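Structure, as structure tokens:
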Amino acid sequence: MAKPRSVFRCSDCGTSAPKWVGRCPGCEEWNTLVEELEVPASASTAALLGPSDRPVPISEVDVDEWTARATGIGELDRVLGGGLVPGSVTLVGGEPGIGKSTLLLQAVASIAADGAKVLYVSAEESKQQVRLRAERLGSLRPSLWLASETSVPHILDFVDEVQPEVLVVDSIQTVHHPDVGSAPGSVAQVRESASRLVTAAKSRGLAVVLVGHVTKDGGLAGPRVLEHVVDTVLAFEGDRHHALRLLRAAKHRFGATDQLGLFEMTDRGLIGVPDPSRLFLADRRKGVSGSVVVPTMEGHRPLLVELQALVTPSRLASPRRSAQGLDSGRLSLLLAVLGERAGCSFAEADVYALAVGGVRIAEPAADLGVALALASALVGVPVPADLVVCGEVGLGGELRQVSQTDRRLAEAARLGFGRALLPRLAPDPPAGIAAVRVATLAEAIDAAGLDLDRRGHPSGAGHPARHGSAGDGPARSHERDPWAAPRLRAVDPSEIPDTVPDDLFEDPF
Ligand code: TYD
Ligand code: MG
């Protein structure tokens, strides 16, 4: 057989070059050339797949063999939409140390508990290491087979020998195929190894799970190509310093991608978190300024998350803005809107904002929550403890309603929150939680009981309308003397009751 040859192909336009160059000679893009193996036609995937399939009427296609097999790990099955499908290839991506090996060892042990044969191939750890971990996890099962191997042809031999129903390869970046000259982890190696394993999965009806490390910026190390050859891509995320782990489907040929699986990393391995909101709010201190609870959606799953902000005087020429678990661009935008539309200037302050518990919140529905946390931290007044907040903030300071308000608020009501601060046009909340409707960010700040006059905001000309609605600008600020006694009584943190008295939201005028 002719030895396969390496070529370098542009991932954008497909132009090939015999040597790597920084700039594609075809489309002139930079850094798009990736090494590829020119596989001789006889060894191509199509040839390995055997005789080509025949067309059949859609109703006669046999789907029985494609029924998912539950792994028995509830949160994993939730994301997979039932379980692993025979003949499918699933890629589990995540940063090193996040818990991919732990999750998959637990999953295969759980499958093996039913007597099904599973093969776990570790290309990173010895069999002894894996066994010790399995012992610690209580995952020793007679039908769980282990191998420590890096060569793909050997792995395929093991599959023929053991005849497992599920094969885990940990990780795709550390295995290699001897036909490819380049080192393990290179694009050509990863791609070739994956395509051999995909072929094996399809031809044997074997469910294959590949582990893939991701780089710091979140991409799968090396190949985007992997995402195309597999059926399902799961992303395992979380902050290594927190116990919480999130599992999401980024691509799923057998179901929806909007499910979220939640785990807690414990000394007994990963444990599913059936009630994440309670976990997120467990350490919350009520009555502290800068803390706001927002009901966010992760796919179809509502999650209550505490947002925190801290505002301190800055000595820096350009004050610090730090966002953790929140988008830093969105934080800057909200600071600008707060300054221009709600009279909250952060010009001489360092600002820190974070989502508690290691979650990352990307949706604009958390805007109002972030803004109120910032305003609360600025004035040093806590927002009511039984208040949740949702709404998107526009550049004009106007509030926009968000999707799935009912699900968000039902979750808030379940956890004992009594009020929700909502954009004016938001749908009615479910039973058990009352709506406080506001049209602008300035109104929201007022309604949450944050008195801007309390901390160094002598206003006058240009003090924005805190009772105005979107569009009527500062014109109504004359209605109230900014130096008059605070409209709502100042709240001492120790006085904040668990349930806020009704009169806090009443308009005294
Ligand atoms: P691991 O599954 O090896 O991560 P990955 O395969 O994604 O690189 O897990 C790594 C971390 O998980 C490790 O730092 C220790 C921690 N861990 C626990 O906290 N409890 C456990 O029971 C196990 C097995 C691991
Ligand atoms: Mg690992």
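All figures in this text were calculated on a predicted structure; none of them were measured in a lab. Basis for what follows: all heavy atoms, side chains included, without hydrogens, waters or symmetry-related copies.
- Using modelled atom types, one finds a donor on one side chain and an acceptor on the other under 3.5 Å when comparing Thr71 with Asp77.
- Residues His252 and Gln259 fail the side-chain proximity criterion, which asks for heavy atoms closer than 4.5 Å.
- Although no hydrogens or angles enter the test, the distance criterion places a donor-acceptor pair under 3.5 Å between the side chain of Arg408 and the main chain of Ser403.
- Other residues, nucleotides and ligands contribute over 12 non-hydrogen atoms within 6.0 Å of the CZ atom of Arg78.
- Residues Leu372 and Ile445 meet the side-chain proximity criterion, which asks for heavy atoms closer than 4.5 Å.
- Rounded to the nearest 0.5 Å, atoms OG1 (Thr232) and CG (Leu84) are 8.5 Å apart.
- From Leu303, atom CG reaches atom CD of Glu298 across 5.5 Å, with rounding to the nearest 0.5 Å.
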Problem set entry | Residues Val229, Val89; criterion side-chain contact (heavy atoms from CB on, under 4.5 Å); working and verdict | CA-CA 8 Å; Val229 294; Val89 181; over 6 Å; no
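- The closest donor-acceptor contact from the side chain of Ser289 to the backbone of Pro382 lies at 3.5 Å or more, if one exists at all.
- Nearest approach of Leu368 to Ala444, heavy atoms of both residues: CD1-CB, 3.8 Å.
- Enclosure of atom CG in Asp283 is not indicated, since only 12 or fewer non-hydrogen atoms of other residues, nucleotides or ligands lie within 6.0 angstrom.
- Here the closest heavy-atom approach between residue Ile433 and residue Pro429 is recorded as O-CG, 3.4 Å.
- Of all non-hydrogen atoms in Gly82 and Ala68, the two that sit nearest each other are C-CB, 4.1 Å.
- By the side-chain hydrogen bond (donor to acceptor under 3.5 Å, both in side chains) test, Ser314 is found to be paired with Asp350, residues two or more places apart in sequence or in another chain being considered.
- Between the side chain of Glu398 and the backbone N or O of Gly396 there is at least one donor-acceptor pair closer than 3.5 Å.
- Side-chain contact annotation: Glu363 with Thr296, donor-acceptor N/O pair under 3.5 Å absent.
- More than 12 heavy atoms of other residues, nucleotides or ligands shown are found within 6.0 angstrom of CZ on Arg253.
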Exercise. Checking side-chain contact (heavy atoms from CB on, under 4.5 Å) for the pair Leu307/Ile361: CA distance, chi angles, key distance, verdict?
Worked result: CA-CA 10 Å; Leu307 302 178; Ile361 300 183; 3.8 Å; yes
For this session: Go through Asp231 and Thr90 one step at a time and tell me if the side-chain contact (heavy atoms from CB on, under 4.5 Å) criterion holds.
Result: CA-CA 6 Å; Asp231 298 299; Thr90 305; 6.0 Å; no
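- Closest of all the heavy-atom pairs between Val381 and Leu450 is O-CD2, 3.3 Å.
- Pro384 and Ala448 get closest at one heavy-atom pair: CD-O, 3.2 Å.
- A side chain to side chain contact (heavy atoms under 4.5 Å, CB included) with Gln106 is found for exactly one of Leu103, Leu104, Thr102, namely Thr102.
- In this structure the side chain of Val79 never reaches within 4.5 angstrom of the side chain of Arg248, judged on heavy atoms.
- With contacts defined as side-chain heavy-atom distances shorter than 4.5 Å, the pair Val379/Asp451 does not qualify.
- Looking only at distances, no side-chain donor or acceptor of Asp367 sits under 3.5 Å from a matching main-chain atom of Gly391.
- Note that OG1 of Thr440 is 6.0 Å distant from CG of Leu399, once rounded to the nearest 0.5 Å.
- Side chains of Pro295 and Cys390 form a contact here, defined as non-hydrogen atoms less than 4.5 Å apart.
- Rounded to the nearest 0.5 angstrom, Ile271 CD1 and Arg245 CZ are separated by 12.5 Å.
- Atom CG of Leu316 has more than 12 heavy atoms from other residues, nucleotides or ligands within 6.0 Å.
- For the pairing with Ser193, the side chain to side chain contact (heavy atoms under 4.5 Å, CB included) check across Val175, Leu226, Thr174 returns one residue only, Val175.
- Using a 4.5 Å cut-off on side-chain heavy atoms (C-beta onward), Ser291 and Arg284 make contact.
- Side-chain atoms of Arg419 never come within 3.5 Å of backbone atoms of Asp386 as a donor-acceptor pair (strictly under, hydrogens ignored).
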Exercise. Please walk me through it: do Leu244 and Leu246 pass side-chain contact (heavy atoms from CB on, under 4.5 Å)?
Worked result: CA-CA 7 Å; Leu244 193 80; Leu246 295 90; 4.0 Å; yes
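- Of all heavy-atom pairs between Arg437 and Leu425, the closest is NH1-C, 4.2 Å.
- In this structure, CD in Glu75 is found 11.5 Å from CD in Glu264, a value given to the nearest 0.5 Å.
- Around atom CD of Gln324, no more than 12 heavy atoms belonging to other residues, nucleotides or ligands sit under 6.0 Å away.
- Counting only heavy atoms from C-beta outward, the side chains of Arg278 and Leu415 approach each other to under 4.5 Å.
- Rounding to the nearest 0.5 Å gives a distance of 8.0 Å between CG of Leu247 and CG of Leu260.
- Taking the charged nitrogens against the carboxylate oxygens, Glu125 and Arg133 do have a contact shorter than 4.0 Å, which makes a salt bridge.
- Counting heavy atoms from C-beta outward, Lys100 and His213 have side chains that approach closer than 4.5 Å.
- Shown here is Arg301, whose CZ atom has more than 12 heavy atoms of other residues, nucleotides or ligands within 6.0 Å.
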